[in-house]
2 protein chains.
Amino acid sequence: MDTGDRLLTPGEVAALFRVDPKTVTRWAAAGRIGSIRTPGGHRRFRESEVRALLEGEGMLDEADEMGRPRNAGPTASTGPAGPANAGMY
Amino acid sequence: MDTGDRLLTPGEVAALFRVDPKTVTRWAAAGRIGSIRTPGGHRRFRESEVRALLEGEGMLDEADEMGRPRNAGPTASTGPAGPANAGMY
DNA sequence: TAACATTAGGGTAATTAGGGAC
DNA sequence: CTTGTCCTAATTACCCTAATGT
């Protein structure tokens, strides 16, 4: 059962989200997305986790959302409720 | 049970890290990962060491603050024997 | 022995990391 | 507060040919 633990490079993740690779790096640095480091220091991301984030897995409807109380509120717990347990066994 | 007496080829390790086999060879040359040489000069890597590197080897994530803490990993156990992991600038 | 895929080795582009500022 | 762009340095990817492993 490979849920897809393929690893993606920062550039691929950035392309998927249509953001700058630097932004993906910031997400990883902030702990918003799990990352695996190569011995050289580069990051690799789990495809399953990235796809979960793309799907909006856990994200409620944002149709009416405009305020986007991200950090302002306590216990933000924004969205995906956790790491989506992408890859743990 | 063999926790890792199995030896992996550069191609195997490269696939695990989603990097080029040449990069794995470079890691071995730089001493970032242990390697066993065949009489012919080819390298073999210990599966236990590779898996330890993949898991993060004692490093959960670099999340620090801001946002919310993600779930904690499954007890990272004790770091094996933190080998010479040195190197970032 | 022969054939095939993989690996080693060097060299050169492309990508990534990290910081700091707007 | 988030994102994109600037910089420099390090790491990685792809090019090649020859040797090794099965």
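Labels below follow one simple rule: chain letters A, B, ... track the order of the sequence lines, proteins then strands, and each chain is numbered from 1.
Comparing atom distances between the T9(A) side chain and each of dT11(D), dT16(C), dT7(C) picks out dT16(C) as nearest. Among dT11(D), dA17(C), dT6(C), the nucleotide with an atom closest to any side-chain atom of R37(A) is dA17(C). In the set dT16(C), dA19(D), dA13(D), the nucleotide with an atom closest to the side chain of H42(B) is dA19(D). Nearest nucleotide to the T25(B) side chain, out of dA8(C), dT7(C), dT16(C): dA8(C). Closest approach to the P10(A) side chain among dT5(D), dT16(C), dG21(D) is made by dT16(C) (side chain taken as heavy atoms from C-beta onward).
Between L7(A) atom CG and dA13(D) atom P the separation is 12 Å, expressed in whole Å. Between K22(B) atom NZ and dG11(C) atom P there is a gap of 13 Å when expressed in whole angstrom units. Distance, I33(A) CD1 to dT2(D) C1': 16 Å, rounded to whole Å. If you measure from atom CG of L8(A) to atom P of dT15(C), you get 16 Å, rounded to the nearest angstrom. Atom CD1 in I36(B) sits about 18 Å away from atom C1' in dA8(C), given to the nearest Å. Distance CH2 (W27(A)) to P (dC1(D)): 18 Å, rounded to an integer number of Å. A straight line from CG of D20(B) to P of dG9(C) spans 15 Å, rounded to a whole angstrom. Whole-Å rounding puts the F17(B) CZ to dT12(D) P distance at 10 Å.
For dG18(C), one of the phosphate oxygens OP1 or OP2 lies less than 4.0 angstrom from a side-chain nitrogen or oxygen of R43(A). The shortest distance between the side-chain N/O atoms of R18(B) and the OP1/OP2 oxygens of dT12(D) is not below 4.0 Å. Of the side-chain N and O atoms in T38(B), none sit less than 4.0 angstrom from OP1 or OP2 of dT20(D).
You'll find the side chain of D5(B) reaches within 4.5 Å of the side chain of R46(B), heavy atoms only. A heavy-atom distance below 4.5 Å is found between the side chains of R44(B) and T38(B).
When each of L16(B), L53(B), T9(B), V50(B) is tested with F45(B) by the rule side-chain contact (heavy atoms from CB on, under 4.5 Å), just one qualifies, namely V50(B).
In this structure, R6(A) does not pair ionically with E12(A), as no charged nitrogen and carboxylate oxygen lie closer than 4.0 Å.
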- Per-nucleotide pairing state of DNA chain C [Watson-Crick or G-U, under 3.5 Å; [ ] pseudoknot-crossing; | other strand]: ..|||||||||||||||||.||

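Comparing F45(A) and E12(B), the nucleotide of DNA chain C nearest to each residue sits closer to the 5' end for E12(B).
Of all heavy-atom pairs between L54(B) and I36(A), the closest is O-CG2, 3.5 Å. A pairwise comparison of heavy atoms in D20(A) and A14(A) identifies C-CB, 3.9 Å as the closest pair.
The base of dT5(D) sits with one of its N or O atoms less than 3.5 Å from a complementary donor or acceptor on the side chain of R26(A).
Between the side chain of R43(B) and the backbone N or O of A28(B) there is no donor-acceptor pair closer than 3.5 Å.
For F17(B) and W27(B), the ring centers sit closer than 6.0 Å to each other.
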